Amino acid sequence: MKLSITVGAIAVATASAFSTAFMPSGLRGNSALQMALAPGQTPIVIGLAADSGCGKSTFMRRVTSTFGGDVCGPLGGGFANGGWETNTLVSDIATVICLDDYHLNDRNGRKVSGLTALNTAEQKFDLMYEHVKALKEGKTVMKPIYNHVNGTLDAPEEIEPTPVIIIEGLHPFHDERVRDLIDFSLYLDISPDVKLNWKIQRDMEERGHSLESIMASIEARKPDFDAFIEPQKKYADYVIEVLPTDLDKEDKKTLKVRAIQKKGVPDFSPAYLFDEGSEIEWTPSADKLSSPPPGIKLAYRQEKYFGNDVAVLEMDGNFDNIQELVYVESNIGNSNSRFYGEITQAMLSLADSPGSNNGTGLMQTLAAFAIRELYNKKTAAAKLAANKETAVAA
Ligand SMILES: *[C@@H]1O[C@H](CO)[C@@H](O)[C@H](O)[C@H]1NC(C)=O
Ligand SMILES: *[C@@H]1O[C@H](CO)[C@@H](O)[C@H](O)[C@H]1NC(C)=O
């Protein structure tokens with residue numbers, strides 16, 4: 001079978017619209033933002049749990065472009081552009097709130113308390129709950145800002161509701177009240193080996209730190225991470241697990257990425273390979289999907305994860321050419337794409353973003369498509385309910 005692809009031109013157009021659409025200042029009050037939420041429409045809330053570092057802007061971009069939006073940048077333009085230091089990313093479709101903004105104490109305060117930022121005692125869960133609830137009801141909130149540069153708690157910023165609200169950070173699923181407001185929950189699980197390899201690459205090779213100091217800083221974080229972050233895994237509907245490759249034990253760079261998809265989640269059907277419910281290991285033809293050493297391998301498995309039934313989609317290795325991904329796409333079911341090749345096109349449109357040539361980009365893209373589907377279903381259900389009400393009233 002010959003797979004032809006014609007998405008290249010579209011993708012290039014999208015990518016350039018993307019960079020020129022990046023608005024350095026004055027995003028607030030932008031007309032695109034105001035038209036985003038229709039009267040009576042309420043946002044869906046996506047939770048994304050990830051270790052340190054908000055600004056998973058790649059995922060935000062994948063979500064935004066999946067919805068057809070393209071304006072994406074820091075609220076108020078960000079500090080560098082004469083705005084304020086912010087962790088909030090906005091687009092015409094989505095707002096990403098960094099949960100570090102709900103830290104109880106500033107950096108000096110934590111020196112006094114002696115607790116780390118990972119500790120649940122260092123977060124304001126009552127305020128987090130009130131804000132997520134208000135946004136979900138379509139209300140504007142004044143959210144505090146945790147300034148990562150200076151470690152200070154800065155003057156609050158105004159957050160307007162958008163169709164999709166993403167709350168991202170260390171503890172999105174810890175508080176039961178917040179958890180109950182979340183429509184779809186994701187957990188980005190970077191394995192300790194991969195974290196170590198990344199840290200070695202960055203802190204040792206680029207910043208000249210010693211291996212001992214890197215190991216010590218990882219060890220120091222581990223107890224609080226295990227106590228406060230890790231337990232949230234069991235609540236996630238979709239876990240993106242990032243592991244070292246299995247294809248070559250010496251290879252410290254290539255990744256194996258697994259999307260662990262919970263079964264039975266309302267409005268979410270896990271993506272599968274070839275045949276839903278089966279067990280599959282697949283090495284694609286090298287003529288159709290070329291890859292650098294150590295090669296590429298996909299898998300689809302039925303497993304248990306914290307007692308829940310899950311469907312796992314795996315990609316081990318990198319591919320050379322995103323366009324060839326359409327070969328994989330043609331064998332993915334429940335991908336939630338609207339037309340053949342849409343996933344490949346989405347990957348192409350963000351070709352310069354991290355993970356575009358491996359499983360992290362593919363699984364993030366599949367998650368973004370699932371979120372769009374979830375949003376469409378919820379919006380359709382809400383419209384139906386509203387129509388019924390009008391009919392009853394008439
Ligand atoms: C950090 O604090 C200094 C001193 O108060 C201030 O000049 C600077 O603007 C702050 N940086 C950010 C990014 O807010
Ligand atoms: C794979 O994904 C990671 C994480 O997104 C990214 O940093 C990396 O550049 C990608 N490519 C390779 C060759 O590992």
Side-chain angles (χ1 to χ4, degrees), residues 18-30 33 48-61 63-64 71-92 94-119 121-128 130-132 134-135 140-162 165-172 188 198-199 202-203 206-209 213 217 220-221 224 229 352-354:
F18 202 66
S19 46
T20 49
F22 193 94
M23 304 185 101
S25 64
L27 263 172
R28 185 188 300 222
N30 177 281
L33 274 179
L48 172 59
D51 188 11
S52 79
C54 285
K56 294 281 169 312
S57 57
T58 309
F59 180 63
M60 161 71 159
R61 286 194 179 151
V63 171
T64 295
V71 183
C72 181
L75 182 65
F79 186 73
N81 289 297
W84 55 95
E85 181 66 30
T86 181
N87 303 310
T88 308
L89 282 170
V90 286
S91 76
D92 41 3
T95 302
V96 183
I97 293 173
C98 173
L99 295 178
D100 289 355
D101 289 335
Y102 295 96
H103 281 341
L104 178 65
N105 291 302
D106 59 12
R107 207 172 280 154
N108 284 330
R110 283 197 301 273
K111 278 185 191 138
V112 176
S113 75
L115 303 177
T116 71
L118 299 166
N119 198 306
E122 283 288 338
Q123 326 300 326
K124 291 182 273 199
F125 286 110
D126 287 348
L127 188 65
M128 191 190 292
E130 279 165 30
H131 281 182
V132 177
L135 287 165
T140 297
V141 301
M142 291 300 286
K143 179 192 60 55
I145 298 174
Y146 179 74
N147 183 327
H148 286 98
V149 180
N150 287 345
T152 50
L153 290 164
D154 293 356
E157 63 187 358
E158 190 177 282
I159 306 290
E160 291 174 24
T162 46
I165 305 278
I166 301 174
I167 58 169
E168 171 196 328
L170 296 170
H171 309 99
L188 183 60
W198 283 355
K199 251 184 144 13
R202 195 193 61 195
D203 292 350
E206 289 167 25
R207 298 181 185 168
H209 296 188
S213 77
S217 82
R221 263 177 80 79
D224 278 2
I229 312 300
D352 293 336
S353 298

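Throughout, residue positions are numbered sequentially from 1 according to the sequence presented. Atoms within each ligand, like the ligands themselves, are counted from 1 in listed order. Treat the numbers as computed from the prediction; the structure is a model and nothing was measured.
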Proximity to ligand 1 by part of T152, non-hydrogen separation under 4.0 Å
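Within the 4.0 Å criterion, T152 makes no contact with ligand 1.
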Looking only at N/O atoms, are D154 and ligand 1 under 3.5 Å apart anywhere?
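Between D154 and ligand 1, no N or O pair is found under 3.5 Å apart.
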Can you report which non-hydrogen protein atom sits closest to atom 13 (C) of ligand 1, along with the distance?
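Scanning the protein heavy atoms, the shortest distance from atom 13 (C) of ligand 1 goes to E85 OE1, 3.2 Å.
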Atom 14 (O) of ligand 1: which protein heavy atom is closest, and how many Å away?
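The closest heavy atom on the protein side is N147 ND2, 2.9 Å.
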Run the side-chain hydrogen bond (donor to acceptor under 3.5 Å, both in side chains) test on T58 and S353 for me, step by step, so that the C-alpha distance in whole Å, both residues' side-chain angles and the decisive distance to 0.1 Å come before the verdict.
CA-CA 6 Å; T58 309; S353 298; 4.9 Å; no
Any donor-acceptor pair under 3.5 Å from [X] side chain to [Y] backbone:
X: R107; Y: H148; result: yes
X: D101; Y: Y146; result: yes
X: H103; Y: T152; result: no

Heavy atoms, side chains only, cut-off 4.5 Å: are L75 and W84 in contact?
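Yes. Closest side-chain heavy atoms under 4.5 Å.
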Side chains of L170 and L99: does their closest heavy-atom pair fall under 4.5 Å?
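No; the side chains remain at least 4.5 Å from each other.
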Numbering as shown, the atoms of ligand 1 that approach N150 to under 4.0 Å (heavy-atom distance)
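Within the 4.0 Å cut-off of N150, ligand 1 contributes 1 (C), 2 (O), 3 (C), 8 (C), 10 (C), 11 (N), 12 (C), 14 (O).
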Should you measure from each heavy atom of F79, which atoms of ligand 1 turn up under 4.0 Å away?
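Those qualifying, in numeric order: 9 (O), 11 (N), 12 (C), 13 (C), 14 (O).
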For atom 11 (N) of ligand 1, is there a protein heavy atom at a distance under 4.0 Å?
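So far as the 4.0 Å threshold goes, atom 11 (N) of ligand 1 is in reach of a protein heavy atom.
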Heavy-atom protein contact below 4.0 Å for atom 3 (C) of ligand 1
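For atom 3 (C) of ligand 1 the answer is yes, since some protein heavy atom falls inside 4.0 Å.
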